[in-house]
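Worksheet: one structure, shown below.
Keep in mind that the numbers below use all heavy atoms, side chains included, and drop hydrogens, waters and symmetry copies.
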Amino acid sequence: MEQIDSTARRQAALAAYDILDTPTEAEFDGIVRVASETCGMPVSLISLLDGERQWFKAETGFSHSETPISQSICAYAAQQNDVFEIPDLTLDPRTADNPLVTGGPEVRFYAGVPLKTADGVALGALCVLDTKPNRLTPSQAFTLRTLAQQVITNLELRRALKERRESDRRNRAILQSAIDYGIIAMDLNGRVTSWNAGAEQILGWTEAEMLGRHANVFFTREDERDQIAEKEMGAALLHGRGTDERWHLRKDGTEFWANGEMMPLTDEDGRPEGFIKILRDRTEQRNAAARQQADAEFMRSVLASSADCIKVLDLDGGLTFMSEGGMRVMEVSDFNLVRGCPWPDFWQGQGHKDALVALMAAKAGGVGHFQGSANTYLGTPKWWDVQVTPILGPNGQPERILSVSRDITDQKTVERQLAVSEERWRGLFSGMQEGFLSAELIRDEAGKAVDFRFLEVNPAFAGLTGLPASSAGRTMRELVPAIPQWLIDTYARTVETGQPEKFEIHVPELNRTFEVRAHKQSGQQFAALFLEISGRKRTEVRRAAMTELGDRLRDVGDKGEISRIAAEVMGRTLGLSHAGYGQVDPDAETILVEQGWTAPGLTDIAGLHHFRAYGSYIEDLIAGRNVVIDDTGSDPRTAADAKALAAISTRSLLNLPVMEHGRFVALFYAVRAEPGEWAQEDIAFVRNVADRTRSAIARIEAEAQQQLLNHELSHRMKNMLAMVQSIATQTMRGAADLDTARDVLANRLIALGKSHDLLLGGSLSKAPLASVIESALDIHRDCPDRFVLDGPAVMVGSRAALSLSLMLHELATNAAKYGALSNAEGRVTISWDIDGDGDDAPVTLRWIEAGGPAVVAPKRAGFGTRLIGRGLAGSFDGKVDLSYPPSGVVCTIVAPRRGLMAS
C-alpha cells in the first residue's frame with residue numbers, strides 16, 4: 001500500500017508540473033551536459049518515474065527517451081536522501097541482471113541524486129553513468145547534488161509560471177465580463193496598463209488606444225488642471241482606498257457623471273506597483289438627485305443632516321442662522337451663544353482678510369470663495385473650504401448672505417503629508433548620485449524592440465551620460481542614433497522575462513564605464529540604475545598592465561627591449577599616441593630614445609633630442625620636476641611650437657624625469673593626440689612604469705658594472721703581485737744585511753698598501769693626484785708645514801698611482817736619512833702643472849727639498865735611486881730627472897696625461 005501511495009503522489013506531482021512528454025528545453029539539457037563533463041562520464045540523465053516507465057526529460061550520451069521501470073536504476077536512487085552510488089553494477093545484486101548492464105550500452109557505474117520536491121515527493125533522479133567501474137570525488141558529488149537542486153528549482157519555476165499564466169487568464173476573463181463597470185489598471189505614474197470591455201463601453205476608447213496614456217484623458221480639463229487623478233492616487237496610497245464622484249469625459253467629448261473607486265495594486269512584498277480604478281456611469285442617478293434638490297423640503301433635510309457648516313448672515317456679516325450639522329462641526333451647543341457675532345471675526349490671519357473679501361463679493365451679487373483656518377467654538381483648530389453667495393430678495397438684490405463652510409481638515413492634513421512625502425522622494429530622486437531612468441520599449445510591426453522612450457530621468461543620469469535633463473518623452477535613437485542594438489535587446493529581455501539584468505556599458509565619447517542594473521516595471525516599461533565604475537575599471541586595467549609589465553621584464557636582458565616593452569604597455573593602457581623612455585647624456589645635453597611606442601598610423605618620434613628642443617621646461621626636468629601639459633596649444637611653455645607638436649599628434653604631454661644622486665639621467669614621456677587633463681592616477685601609473693622600468697635597467701647596468709669590477713680587480717691583482725715581486729727582488733739584491741732588507745721591504749710594502757687603500761676607497765680605476773701624494777707622504781708629516789703641495793686637479797690611473805706612491809716613498813725615505821727631512825728646519829715642495837689640453841698634454845711634477853744639510857750626489861745609485869729613475873717611471877710612460885744641488889734634492893717627473901690615467 002505504501003508503494004502504491006508514493007507512486008500516486010509522484011504521478012500527481014508530475015501532473016502538477018506538466019513536465020512529462022514535453023519537448024527538450026535548454027535549461028535541462030545544460031544541466032545534464034554540466035553533470036557529464038564535471039563527472040567525466042559519457043552519460044547523464046534527468047529521469048522521471050511515471051508508473052511503468054521512466055521518462056528522460058534530458059539526456060546526453062543515451063539514445064532512448066524512456067525505458068521500462070523494471071530497467072530503472074534511478075528508482076533505487078529516488079528512495080535515497082543523498083547521492084546514491086554503485087561503483088560496479090555487475091557486482092551489485094540489484095543491477096547485475098539489468099539489461100542496461102548485461103547488454104547495450106553495457107554500463108558499469110552509476111551515481112544519482114534523488115529529485116525531491118519541497119514536501120518530500122521523489123520524482124526521479126539526476127544521474128551519471130560510465131562504461132567502466134568508477135567512483136565520484138567529493139567535489140563531483142557536491143556538483144551532482146547542486147545540479148539536482150537546480151532541476152527541482154527549474155520545475156518549481158515552470159509550475160509557478162504556469163499558475164501565473166492561468167491566474168492572469170482568469171483575471172482577464174473576469175475583467176472583460178464586467179461590462180457595466182469600467183475597470184482600469186494604471187502604473188504608479190497614472191498611465192493606463194489595462195482597460196476592460198466595460199471601460200471601452202462607458203468611455204469609448206479601446207484598450208489599444210489607451211495603453212500607455214495618462215488617466216487624465218478621461219478627466220475634465222478642470223480636474224486635470226487641479227491634478228485630481230494624482231490626488232486620488234495619493235489618497236489611495238495613504239488610505240488603501242479612495243472614492244469620488246465627478247464628471248468624466250468620453251472619447252466623443254461628452255461628459256458623464258460617475259462614481260469611482262481607486263485602490264493600489266501591490267506586488268508580492270506589499271509594495272505599490274500601480275492602481276486599479278473602477279468607474280460606473282451614474283449620470284441618470286445624479287440627474288434624478290439634482291431634480292430632487294429643487295424640492296423645498298430637500299433644503300431642510302440638507303440643513304439638518306449636512307456636515308457642512310451652513311450659515312445665514314445679514315448684510316453686515318452678523319450671524320442669523322446656523323444649520324444643525326454646522327453647529328455639530330463647529331462644536332456649538334446653542335446657537336444663541338454665537339447669534340449676531342461678526343462672521344469674519346471667526347477667521348485668523350489671512351483667512352480674516354479673505355472672509356471680508358468674500359463677504360463684499362456676495363453683497364455685490366457675486367460669489368466669494370476661499371480656504372482658511374478657524375477654530376471651533378471650543379477652540380479646536382480646523383481648515384475650511386468656504387463659499388459665500390448672496391440670497392436675493394423679491395427685487396433681485398442681495399437680501400442676506402449664505403455661507404457654506406466644509407471641514408477639509410483631514411484633506412489638508414493629507415495634502416501636507418503628500419507634499420512632504422513628494423518633496424522627500426523628489427529630493428531623494430533628484431539628489432541621488434546614481435543615475436536613474438524609467439523608459440518604455442518601442443517595437444516595430446514584427447514585435448522586435450527597436451528603441452525606447454524615456455519616461456523620466458534624474459539629474460545624476462543626465463550628468464553621468466551627457467544626455468539632456470529634458471530627455472523625458474524623447475526616444476533613445478532620437479538622442480543617440482548610433483546606440484548599439486544589444487543595449488535595447490538587453491532591456492527587451494528584462495521586460496520579456498521579468499528577470500533583472502546587470503551588465504556593464506562603456507561610453508567611449510565620455511571615457512566612462514557604467515554598471516547598469518535594469519528591472520521590469522509593468523507592461524513594456526522598465527527602469528535602470530546607472531553606477532559609474534570608470535575608476536574601478538581603470539584601476540583594474542592599470543593593475544593588469546603592471547602585472548604584465550613585471551612578467552615581460554623579468555627575463556629581458558637588453559635595455560632597449562626593456563624600454564620598448566614599457567612604452568608599449570604604457571601606450572596601450574593610457575590610450576596614448578606616443579610613449580617611451582629616453583636615456584639622458586647631461587654632458588652632451590641630449591636625450592636618446594632608442595625604441596619608443598607609437599600608435600598605429602602615426603609618425604615615430606624616436607631618435608636623439610637636444611635639451612634646448614624642450615623649450616622653457618627643460619629646467620624643470622633637470623631639477624627633477626614633472627612636466628604636465630594638458631593642452632600644448634594654450635600652455636605658455638609649448639604654445640609657440642603648438643603646430644609642430646600637433647603635426648606629430650602631440651596635443652597633451654606628460655614628462656617624468658628619472659633622477660639618480662640628484663642628476664637627471666632618464667626621461668619617461670607620455671603623449672596624447674587630443675588635449676585633455678592628466679589625472680593623478682595617470683601620472684601615478686606612468687611613475688610606477690618608470691620605477692619598474694628603471695629598476696630593470698638598473699639591474700642590467702649593475703650586472704655590467706659588477707662584471708667590469710671583477711675584471712678590474714683581476715687586472716689590479718696581477719699588476720700588484722708583479723710590483724711586489726719586483727720590489728722584493730730589488731730590495732734583497734741591494735741590501736747589506738737581512739735586518740736592513742726586512743725594514744726597507746716593509747716600508748716599501750706599507751707605501752704600496754696605502755696606495756691600494758686610496759684606490760679602493762675611490763672608484764678603483766682612478767684617484768686625485770693630490771690624494772696620492774698626501775697618502776704616500778703621510779708617515780713623514782711630523783709638522784703641518786713639512787710639505788707644500790701645489791697644482792691643479794689631475795686624476796691618475798691605478799697603475800700610475802702605485803708607481804708614484806712608491807717613487808714618493810723612496811724620495812721621502814732618502815730625504816729623512818740625508819736631506820730636508822733629516823732635521824727640524826727642512827721643507828719639501830711638491831708642485832705640478834699641465835701644459836695644454838688633451839690626452840697628450842704633458843704633466844710635470846717636481847720634488848724640491850730645502851732647509852736640510854748640504855747635499856752631495858751619491859757615488860753609486862742604490863735600488864731606491866734606480867727605482868725612482870728607471871723602474872717605476874716606465875709604468876706611466878714618464879721621464880724622471882734626479883739632480884743634487886747643495887740646497888736639496890730636486891726630482892722632476894714628466895709624463896703625458898694619457899700615461900698618468902693608465903690603469
Side-chain angles (χ1 to χ4, degrees), residues 185-194 208-217 224 227 229-230 233 271-275 422-423 425-445 447-510 512-534:
M186 297 172 287
D187 62 19
L188 289 174
N189 295 315
R191 297 188 179 276
V192 174
T193 60
S194 177
E209 293 173 319
M210 283 303 297
L211 286 179
R213 300 180 68 181
H214 199 280
N216 278 332
V217 171
E224 182 178 2
Q227 296 185 319
E230 287 79 1
M233 290 187 287
R271 292 189 296 267
E273 63 179 8
F275 301 94
E422 174 68 18
E423 182 178 357
W425 288 108
R426 180 55 59 182
L428 176 63
F429 180 75
S430 300
M432 63 189 298
Q433 298 300 309
E434 296 80 6
F436 176 84
L437 70 85
S438 175
E440 184 175 35
L441 287 174
I442 299 175
R443 298 182 181 272
D444 59 16
E445 294 180 357
K448 178 178 174 58
V450 295
D451 201 352
F452 58 86
R453 178 175 286 103
F454 290 101
L455 301 178
E456 192 169 13
V457 300
N458 71 338
F461 176 81
L464 289 173
T465 63
L467 295 176
S470 59
S471 297
R474 304 175 70 181
T475 70
M476 188 68 207
R477 291 203 184 278
E478 177 185 351
L479 296 168
V480 185
I483 193 72
Q485 181 62 35
W486 72 260
L487 177 61
I488 297 173
D489 292 341
T490 302
Y491 288 139
R493 187 167 58 251
T494 298
V495 169
E496 291 160 1
T497 66
Q499 297 297 315
E501 293 268 356
K502 184 172 78 171
F503 57 93
E504 293 180 3
I505 182 170
H506 181 68
V507 183
E509 296 80 4
L510 302 175
R512 284 178 164 180
T513 303
F514 303 99
E515 180 182 272
V516 183
R517 300 178 181 180
H519 66 275
K520 180 178 181 178
Q521 289 185 306
S522 61
Q524 295 298 303
Q525 295 178 9
F526 63 90
L529 192 67
F530 280 64
L531 294 86
E532 184 171 5
I533 58 172
S534 306

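- Closest of all the heavy-atom pairs between Trp486 and Glu504 is CH2-O, 3.8 Å.
- In this structure, CD in Glu501 is found 11.5 Å from CZ in Phe526, a value given to the nearest 0.5 Å.
- Using a 4.5 Å heavy-atom threshold, the side chains of Gln227 and Asn216 count as separate.
- Nearest heavy atom pair, residue Ile505 against residue Leu487, reads CD1-CD2, 3.9 Å.
- Minimum interatomic distance between Val516 and Ala528 (heavy atoms only, all atoms of both residues): CG1-CB, 4.0 Å.
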Verdict with reasoning, Phe275 to Leu188, per side-chain contact (heavy atoms from CB on, under 4.5 Å) = CA-CA 7 Å; Phe275 301 94; Leu188 289 174; 4.0 Å; yes

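- Checked for salt-bridge contact, Arg271 and Glu273 miss the test: no charged N lies under 4.0 Å from a carboxylate O.
- A 4.5 Å side-chain heavy-atom check between Ile488 and Arg477 finds at least one atom pair inside the cut-off.
- Between the CG atom in Asn189 and the OG atom in Ser438 there is a gap of 6.5 Å [rounded to 0.5 Å].
- Contact annotation: the side chain of Val457 never approaches that of Leu467 to less than 4.5 Å [non-hydrogen atoms, C-beta and beyond].
- The backbone N or O of Phe436 lies less than 3.5 Å from a partner atom in the side chain of Asn458, making a donor-acceptor pair.
- Distance alone, capped at 3.5 Å, is enough to place a donor-acceptor pair between the Gln485 side chain and the Ala449 backbone.
- Going from atom CZ of Phe454 over to atom CD of Glu440 covers 13.0 Å, rounded to the nearest 0.5 Å.
- Minimum heavy-atom separation, Phe452 to Leu441: CB-CA, 4.0 Å.
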Can you list the steps and then say if Glu478 with Asp451 is a side-chain contact (heavy atoms from CB on, under 4.5 Å)?
-> CA-CA 9 Å; Glu478 177 185 351; Asp451 201 352; 5.8 Å; no

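- Side-chain contact check for Ser522 and Asp187: no donor-acceptor pair (N or O, by modelled atom type) lies under 3.5 Å.
- What you find for His214 and Met210 is that their closest heavy atoms are O-CE, 4.4 Å.
- A donor-acceptor contact shorter than 3.5 Å links the side chain of Arg512 to the backbone of Leu464.
- Note: Glu515 CD to Leu529 CG = 9.0 Å, rounded to the nearest 0.5 Å.
- Side-chain N/O atoms of Arg191 and Gln525 include no donor and acceptor closer than 3.5 Å.
- The aromatic rings of Phe530 and Phe514 sit perpendicular, their planes meeting at an angle over 60°, well past the 30° parallel limit.
- Residues Arg474 and Pro468 come closest through the heavy atom pair NH1-CG, 3.9 Å.
- For the atom pair Asp489 CG and Thr494 OG1, the distance stands at 11.0 Å (nearest 0.5 Å).
- Taking OG of Ser471 as the start and CD of Glu456 as the end, the distance is 12.0 Å to the nearest 0.5 Å.
- With Thr193 contributing its side chain and Ala185 its backbone, the two residues share a donor-acceptor pair below 3.5 Å.
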